[in-house]
Enquirer: 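Here you go, one structure.
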There are 4 protein chains.
Amino acid sequence: MASKNGSIREIKKLEKKQRIHEAAIRVMARNGYHGTTVSQIAKAARVADGTLYLYFENKDDLLVGIFDEIMDRFISEGLSVIDEMADPIEKLKRIVELHLKALGSDEDLACIFQIELRHNIHHMKRFSQSKLRQYFNIVERVIRDAQEQGHIRSEVNPWITAKLLFGAVDEMATNWVLRTRDYNLIDMAKPTLDIFLNGLCTNHEEPQSEASIEEGRQTLP
Amino acid sequence: MASKNGSIREIKKLEKKQRIHEAAIRVMARNGYHGTTVSQIAKAARVADGTLYLYFENKDDLLVGIFDEIMDRFISEGLSVIDEMADPIEKLKRIVELHLKALGSDEDLACIFQIELRHNIHHMKRFSQSKLRQYFNIVERVIRDAQEQGHIRSEVNPWITAKLLFGAVDEMATNWVLRTRDYNLIDMAKPTLDIFLNGLCTNHEEPQSEASIEEGRQTLP
Amino acid sequence: MASKNGSIREIKKLEKKQRIHEAAIRVMARNGYHGTTVSQIAKAARVADGTLYLYFENKDDLLVGIFDEIMDRFISEGLSVIDEMADPIEKLKRIVELHLKALGSDEDLACIFQIELRHNIHHMKRFSQSKLRQYFNIVERVIRDAQEQGHIRSEVNPWITAKLLFGAVDEMATNWVLRTRDYNLIDMAKPTLDIFLNGLCTNHEEPQSEASIEEGRQTLP
Amino acid sequence: MASKNGSIREIKKLEKKQRIHEAAIRVMARNGYHGTTVSQIAKAARVADGTLYLYFENKDDLLVGIFDEIMDRFISEGLSVIDEMADPIEKLKRIVELHLKALGSDEDLACIFQIELRHNIHHMKRFSQSKLRQYFNIVERVIRDAQEQGHIRSEVNPWITAKLLFGAVDEMATNWVLRTRDYNLIDMAKPTLDIFLNGLCTNHEEPQSEASIEEGRQTLP
DNA sequence: CATGAATGAGCATTCATTCAT
DNA sequence: TATGAATGAATGCTCATTCAT
């Protein structure tokens with residue numbers, strides 16, 4: 001019985017933690033991290049103020065907890081999808097789509113991710129050095145594969161490219177959160193991928209050597 | 001004499017405002033917006049606390065004021081440089097370089113721009129709807145010109161491209177601010193431009209139609 | 001047990017609110033509203049600064065709260081005493097006595113009432129339009145009764161008389177608070193009532209018509 | 001020339017002091033003493049902030065200065081009017097009328113007098129011990145005269161009566177400042193005087209001895 | 001005399017966190 | 001576990017006053 005109770009308790013504990021998470025996302029998305037009090041979150045989660053501290057070290061930890069949980073879920077889901085694919089270009093496409101779909105389907109979450117999680121250099125560093133690095137690693141791996149298979153130019157730096165791609169997609173997401181007119185975030189996947197894969201320029205018969213870019217001038221026939 | 005005094009006062013006033021700006025950038029870059037007290041800024045600027053309020057509405061306005069001033073300077077400098085150039089591709093290159101150089105040459109400023117100015121959805125919206133829009137407009141204009149001159153593919157959406165480019169460059173800047181090992185931000189200009197101009201893919205003799213991307217698969221001969 | 005705890009908590013809460021009230025009266029009577037800090041009141045009430053805000057909206061509400069509580073108690077006590085009496089003249093006398101006794105027996109309270117509560121036109125208006133109106137209503141009622149019973153001249157306006165009586169008694173109280181030599185406030189009841197009931201003039205066989213007062217001259221035989 | 005300039009300067013100085021006084025009355029009547037900043041007064045008087053301090057010790061002194069000036073004018077005007085009269089009852093009447101007319105004809109001034117000047121126990125004490133004492137002295141003198149001439153009952157205490165009369169008139173003024181419906185303050189003179197002179201009671205053939213009041217019961221035939 | 005920029009002490013209020021129940 | 005009353009440190013901002021010009 002004890003173990004049965006124990007497992008029920010475990011479940012209830014997880015449920016409550018989840019409830020607090022969701023309450024925090026909901027409230028913080030509207031009021032921002034600094035505009036949200038612990039009491040507001042507690043009320044939204046229907047627990048007492050003090051109860052929050054049984055599940056989180058402090059207010060900041062709550063934000064970090066949300067972030068890590070979501071990010072872990074996002075990355076593992078992403079990985080499981082990616083792993084089933086063969087073509088690295090296709091994988092790249094899926095990553096962008098998953099990224100945009102995950103945020104585009106939950107505005108509150110997107111708001112937390114794009115805005116609230118970044119108001120603090122320590123969060124940013126933590127983010128940058130853990131989960132974001134995982135993201136970059138995945139993309140880097142895919143790009144390397146694509147390079148080995150000859151689909152992506154061998155000159156491009158996979159790590160820098162991962163950052164550039166993330167940055168571009170991230171900006172799409174932020175812009176969507178701050179949008180004045182409504183549209184679907186996922187629709188940004190296609191043009192994003194088009195530019196990253198095919199580039200802006202019209203003529204690639206004589207692909208630009210880095211040197212020629214270096215010269216500050218492109219030879220155009 | 002009165003006018004002379006007047007102009008001297010004007011200069012002193014600007015000097016003091018400037019001093020406060022610089023002090024704020026310096027202090028906030030280290031401690032973050034919320035980690036910085038008004039008193040700290042005042043002390044760093046060698047003025048009394050109350051003096052800040054002769055030049056700024058409130059603490060938040062101080063941050064916004066810094067942002068607007070820097071951004072205006074950046075944009076007008078950028079425009080004057082751009083205007084002297086003929087080739088739109090070259091212009092695009094210069095924009096990216098100027099962006100990275102401006103931030104890469106002043107780490108504190110970069111920190112403020114990449115992190116502190118974004119801790120608040122209201123700042124973000126304000127930013128997004130004023131200065132950032134100007135930035136996008138400039139890039140959009142350049143891309144359109146390039147399209148008219150046949151240098152950039154007519155299929156790409158100039159506005160979305162402006163966002164993507166900004167996002168990629170912005171991520172470069174943020175990564176540099178959060179870097180663990182030292183490097184020059186400006187060095188990111190070349191690979192960024194290479195990917196945006198030439199794309200990732202190896203073969204562009206038969207450029208991807210959007211439809212084929214849509215299919216989730218690139219036809220590679 | 002829960003209800004028992006509940007009631008104990010209720011009592012403790014009331015006790016604490018009372019303690020804060022009394023501390024505020026004590027401290028403000030000595031230093032005035034603007035000369036008193038919230039911290040001083042909290043310290044005097046042996047609670048933390050923040051605790052005050054669990055019981056009061058803000059510093060101003062604290063003053064208003066004191067006022068309303070005291071005034072309600074005063075009015076209801078007064079009414080219960082009045083109701084037991086039959087003779088309206090006697091009631092009038094009791095009202096004056098109760099008024100002077102209430103203030104004369106608690107100098108700090110009198111100070112708050114006569115001085116601190118009046119430093120603000122909004123307080124004055126609020127006072128004037130709620131509790132003071134109740135006071136006036138009671139006196140007016142008594143005067144009307146006395147008029148119906150033929151004890152008070154039918155020419156006098158009960159509402160104006162209520163104000164005049166309050167003003168006279170109020171001035172007695174204020175003078176007592178500001179006194180340089182000590183005396184009992186309650187001793188002012190008798191002369192006050194004497195003048196209001198009997199008037200100043202010696203001869204009333206031919207009571208002054210309002211018209212003759214109008215003429216600016218009293219006909220004295 | 002020096003003396004000529006001197007006198008012109010004297011006049012200008014008085015003019016400026018007057019301008020500041022009037023500005024202060026105007027602004028404080030609307031915003032209250034604590035709701036008014038020195039800068040606001042300076043702006044309303046069209047002088048620099050610092051200039052105020054050439055004419056007044058400090059903000060508080062400004063209020064006191066207004067009060068003393070007005071009060072002196074009021075008392076000396078009152079005295080000159082009173083002195084020309086013979087009948088003490090008539091004098092009493094005139095005092096009440098002058099009091100109500102002075103305030104009733106200048107709402108801002110009335111507001112300052114009835115509300116703002118009283119938000120501080122030190123002002124009150126100062127007021128009570130100087131100008132108000134003069135007022136009481138005048139009334140007391142008049143009452144004594146009336147008593148000597150047999151117009152006012154010898155039993156009444158002139159000093160207490162002066163306070164009561166002031167209190168009643170003062171309450172009329174305060175009520176008028178706080179009024180919700182408009183009326184003329186001067187109209188309160190007649191009923192006020194009627195009650196003070198003739199009392200409330202109908203029957204005065206056997207004027208109440210203090211003792212009978214003491215008994216707590218009035219003998220009514 | 002006049003100015004008004006500069007000063008900096010002072011204070012109400014908030015809110016993350018604790019802990020007795 | 002859960003509660004929520006109590007805590008008290010922390011801070012943005014105001015504004016009366018000064019003084020160099």
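Order of the sequence lines fixes the chain letters, A, B, ..., with proteins taken first and strands second; residue numbering starts at 1 for each chain.
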Enquirer: Taking the side chain as everything from C-beta on, heavy atoms only, tell me whether Ile115(B) gets closer than 4.5 Å to Leu178(B).
Expert: yes
Enquirer: So which atom in Thr36(D) and which in Gln40(D) form the shortest heavy-atom distance, rounded to 0.1 Å?
Expert: CA-OE1, 3.2 Å
Enquirer: What pattern of brackets, bars and dots sums up DNA chain F from 5' to 3', given Watson-Crick or G-U wobble pairs under 3.5 Å, [ ] for crossing pairs and | for another strand?
Expert: .||||||||||||||||||||
Enquirer: Using a 4.0 Å cut-off on heavy atoms, which residues in residues 33-61 of chain C reach DNA chain F? List them by number, or say none.
Expert: Val47(C), Ala48(C), Asp49(C), Gly50(C), Thr51(C), Leu54(C), Tyr55(C)
Enquirer: Carefully, step by step, assess Asp49(D) and Lys43(D) under the rule salt bridge (Lys or Arg N to Asp or Glu O under 4.0 Å).
Expert: CA-CA 8 Å; Asp49(D) 292 17; Lys43(D) 188 170 288 177; over 6 Å; no
Enquirer: Anything under 3.5 Å between a donor and an acceptor, one on a side chain of residues 21-30 of chain C, the other on a protein residue two or more places apart or in another chain? List them.
Expert:
from, atom 1, to, atom 2, distance (Å)
His21(C), ND1, Glu69(C), OE1, 2.4
His21(C), NE2, Ile66(C), N, 3.4
Glu22(C), OE2, Gln18(C), NE2, 3.4
Arg30(C), NH2, Asp108(C), OD2, 3.4

Enquirer: Using 0.5 Å steps for rounding, measure from the CD1 atom of Ile121(A) to the CD atom of Gln114(B).
Expert: 10.5 Å
Enquirer: Does Lys16(C) have a side-chain nitrogen or oxygen under 4.0 Å from the phosphate oxygens OP1 or OP2 of dA5(F)?
Expert: no
Enquirer: Figure out the CG/C1' separation between Asn31(D) and dT14(F), and round it to whole Å.
Expert: 15 Å
Enquirer: Nearest 0.5 angstrom please: Tyr33(D) OH to Leu117(D) CG, how far?
Expert: 10.5 Å
Enquirer: Anything under 30° is parallel, anything over 60° is perpendicular, the rest tilted; go ahead and classify Phe113(C) against Phe67(C).
Expert: tilted
Enquirer: Scan Asp61(A), Asp68(A), Asp60(A) and name whichever one has a salt bridge (Lys or Arg N to Asp or Glu O under 4.0 Å) with Arg126(A).
Expert: Asp68(A)
